[in-house]
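Atoms considered below: every heavy atom in the structure, side chains included; atoms not considered: hydrogens, waters and symmetry mates. The structure presented is a predicted model; accordingly, all values stated were derived computationally and were not measured.
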Amino acid sequence: MTNYLSLKDRYADYFRIGAAVNQETILTEEELLKQHFNSLTAENEMKFEHLQPKEGIFTFEKADQMASFAKENQIEMRGHTLVWHNQTPQWVFEGNKGSLLTRQQLLNRMESHIKTVMTHFKDPFYTWDVVNEAVEDRGSQLLRSSPWSTIIGDDFIDHAFYFAKEARPDVKLYYNDYNESSPVKREKIYQLVKSLVERDVPIDGIGLQCHWSLDTPAIDDIRQAIERYASLGLSLEITEMDVSVFEFENHRTDLTQATKEMLDKQAARYDQIFSLFREYHQHIDTVTFWGVSDRYTWLNDFPVENRKNWPFIFDEKGQAKESFKKIMTFK
Ligand code: G3I
């Protein structure tokens, strides 16, 4: 049997292995990135507020550095993200001198942002999150209200995909969301994307963010989500995976390291999840972790202040955890 040393090589016949990076982790995690990953996502550096903080002023330097690193190391990239209610500067939704912005003006700003950004970054980008988190979590309302939907209307999503397709017909265009495996939200995401597909809006795939915990969501809910989305005939990507050692509402802040029980449970959970991903590998193009090692995660202090987290397969020293060993071991 081949003795695999690298996660991306172990999964070469299944899907790409990705990581989200930021200005710090691209340096601190350099060796792990080169050895184990063949896809990168900018954690924040390609969001609207970073790329176009003021109208017409584009700041590409940080993201360009990431793209250069990726290219030098034969790593591909996902673009994240073009149209989102979050991390978008206020000017985007404001008219001149306090006047209300019209639908057409906001569409123009959307078009200009999407086209400038997508044509600036050439290779190594193979996919883009065009619209992020547009579905409402609660109640029966399908779409969340946001300045995009209020000023343009619900068809802001269609327009974003059309602009993206015009800019880059060569990359895959994704809708990306969280709570993707919860039955209620899953159905809403499914309905939204189904309606895009039926109206021939140019969408290629659905991004399942997969911010999960040791016990939730249930593996059956994950399986049903994958099957439901795949039934639309689109590609899927796991875009932001982490396995928190705490359930969301757990307010425990006393731990300075994960307990053995947590790490054992996490390894079993990663094992089960990756075995499911392998089962559906014909539908899944990439599995991206929302970070690299437990040295840094956005989950530190979120949603509970002073609560450290250990959600990845590499520990705080960059060493392989039991979770890594489990997902590397299969026939
Ligand atoms: O850069 C500033 C710094 O100058 C300032 O001193 C500091 C004080 O709070 O904030 C820093 O900005 C923070 C930024 O991350 C960089 O660390 C923001 O406050 C913080 O809100 C921001 O959080 C990011 C979050 O998106 C914002 O929505 C996380 O890093 C990032 O991991 C997270 O990523 C999202 C995906 O894009 C979409 N899906 C969910 C996922 C997790 O929330």
Side-chain angles (χ1 to χ4, degrees), residues 15 78-86 103-104 106-111 113-115 117-118 125-210 217 220-240 277 279-286:
F15 31 71
R78 313 189 71 253
H80 176 81
T81 177
L82 294 163
V83 176
W84 191 22
H85 60 277
N86 211 344
R103 165 183 159 90
Q104 192 53 50
L106 186 54
L107 280 170
N108 292 347
R109 285 179 180 172
M110 178 197 272
E111 177 173 13
H113 184 76
I114 289 178
K115 291 188 174 173
V117 169
M118 291 185 89
F125 287 82
Y126 63 97
T127 205
W128 230 289
D129 292 330
V130 177
V131 176
N132 199 40
E133 303 175 0
V135 166
E136 171 58 44
D137 286 278
R138 293 178 200 82
S140 57
Q141 190 176 319
L142 182 67
L143 298 182
R144 91 168 57 232
S145 12
S146 73
W148 295 109
S149 65
T150 309
I151 300 170
I152 297 177
D154 290 352
D155 64 344
F156 80 92
I157 298 173
D158 302 29
H159 286 282
F161 279 97
Y162 283 119
F163 294 145
K165 186 72 176 177
E166 281 168 28
R168 290 293 299 274
D170 57 317
V171 303
K172 287 199 170 182
L173 306 180
Y174 268 66
Y175 174 75
N176 187 45
D177 215 330
Y178 64 91
N179 283 347
E180 71 304 308
S181 301
S182 105
V184 173
K185 183 127 175 232
R186 177 192 74 211
E187 279 316 296
K188 291 190 190 180
I189 295 171
Y190 173 82
Q191 291 305 335
L192 166 67
V193 177
K194 181 164 175 275
S195 114
L196 298 176
V197 170
E198 284 171 355
R199 287 178 295 109
D200 291 327
V201 175
I203 177 171
D204 299 294
I206 303 178
L208 292 76
Q209 291 189 7
C210 304
D220 277 351
D221 285 335
I222 300 173
R223 179 187 294 279
Q224 283 177 42
I226 292 173
E227 287 195 354
R228 191 86 168 127
Y229 299 143
S231 75
L232 290 167
L234 301 180
S235 313
L236 308 182
E237 290 193 41
I238 307 304
T239 53
E240 305 184 12
F277 289 164
E279 215 184 299
Y280 289 94
H281 74 94
Q282 271 151 348
H283 300 287
I284 299 175
D285 285 356
T286 309

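With rounding to the nearest 0.5 angstrom, the OG1 atom of T81 is 13.5 Å from the OH atom of Y174. The line from CG of L196 to CD1 of I203 is 5.0 Å long, rounded to the nearest 0.5 Å. Taken to the nearest 0.5 Å, the CD1 atom of I189 stands 9.5 Å off from the CD atom of E133. Atoms CD and NZ, on E166 and K115 in that order, are 3.5 Å from each other to the nearest 0.5 Å. Summarising the geometry, atom CG belonging to D129 is positioned 10.0 Å from atom CH2 belonging to W84; distances are rounded to the nearest 0.5 Å. Note that the CD atom of Q191 and the CG atom of L142 stand 7.5 Å from one another [nearest 0.5 Å].
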For this session: Check step by step if side chain to side chain donor-acceptor pair (under 3.5 Å) holds for Q224 and D220.
Result: CA-CA 6 Å; Q224 283 177 42; D220 277 351; 5.6 Å; no

Problem set entry | Test side chain to side chain contact (heavy atoms under 4.5 Å, CB included) applied to I157 and W148, step by step | CA-CA 9 Å; I157 298 173; W148 295 109; over 6 Å; no

For this session: Kindly indicate, with the supporting measurements, whether the criterion side chain to side chain contact (heavy atoms under 4.5 Å, CB included) is fulfilled by Y190 and L232.
Result: CA-CA 8 Å; Y190 173 82; L232 290 167; 3.6 Å; yes

Exercise. Would M118 and L82 count as a side chain to side chain contact (heavy atoms under 4.5 Å, CB included) if you check the C-alpha gap in whole Å, the side-chain angles of each, and the deciding distance to 0.1 Å?
Worked result: CA-CA 9 Å; M118 291 185 89; L82 294 163; 3.7 Å; yes

Problem set entry | L234 vs K172, side chain to side chain contact (heavy atoms under 4.5 Å, CB included): CA-CA, chis, key distance, verdict | CA-CA 10 Å; L234 301 180; K172 287 199 170 182; over 6 Å; no

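Other residues, nucleotides and ligands contribute only 12 or fewer heavy atoms inside 6.0 Å of the CD atom of Q282. Atom CZ of R138 has 12 or fewer heavy atoms from other residues, nucleotides or ligands within 6.0 Å.
When all heavy atoms of V130 and A164 are compared, the pair lying nearest together is CG2-CB, 3.9 Å. Taking every heavy atom of both residues into account, R186 and A225 meet most closely at CD-CA, 3.5 Å. Among all heavy-atom pairs drawn from A134 and F156, the shortest one is CB-CZ, 4.1 Å. Contact between P147 and L106 at its shortest, heavy atoms only, is O-CD2, 4.0 Å.
For R223 and E279, the salt-bridge test passes: some basic side-chain N is under 4.0 Å from an acidic carboxylate O. Classification of E136 and K188 as a salt-bridged pair fails, no side-chain N sitting under 4.0 Å from a carboxylate O. The pair D285-R78 fails the salt-bridge criterion, with no side-chain N (NZ, NE, NH1 or NH2) lying under 4.0 Å from an Asp/Glu carboxylate O.
Here the side chains of Y175 and V135 are in contact, with some heavy-atom distance below 4.5 Å. At a threshold of 4.5 Å between non-hydrogen side-chain atoms, the residues I152 and M110 count as touching. Using a 4.5 Å heavy-atom threshold, the side chains of S149 and R144 count as separate. Between E227 and H283, every side-chain heavy-atom pair lies at or beyond the 4.5 Å cut-off.
Judged by distance alone, the side chains of Y162 and E111 never bring a donor and an acceptor atom under 3.5 Å apart.
Each of T239, N86, N176 was scored for a side chain to side chain donor-acceptor pair (under 3.5 Å) with N132, with one residue passing: N176.
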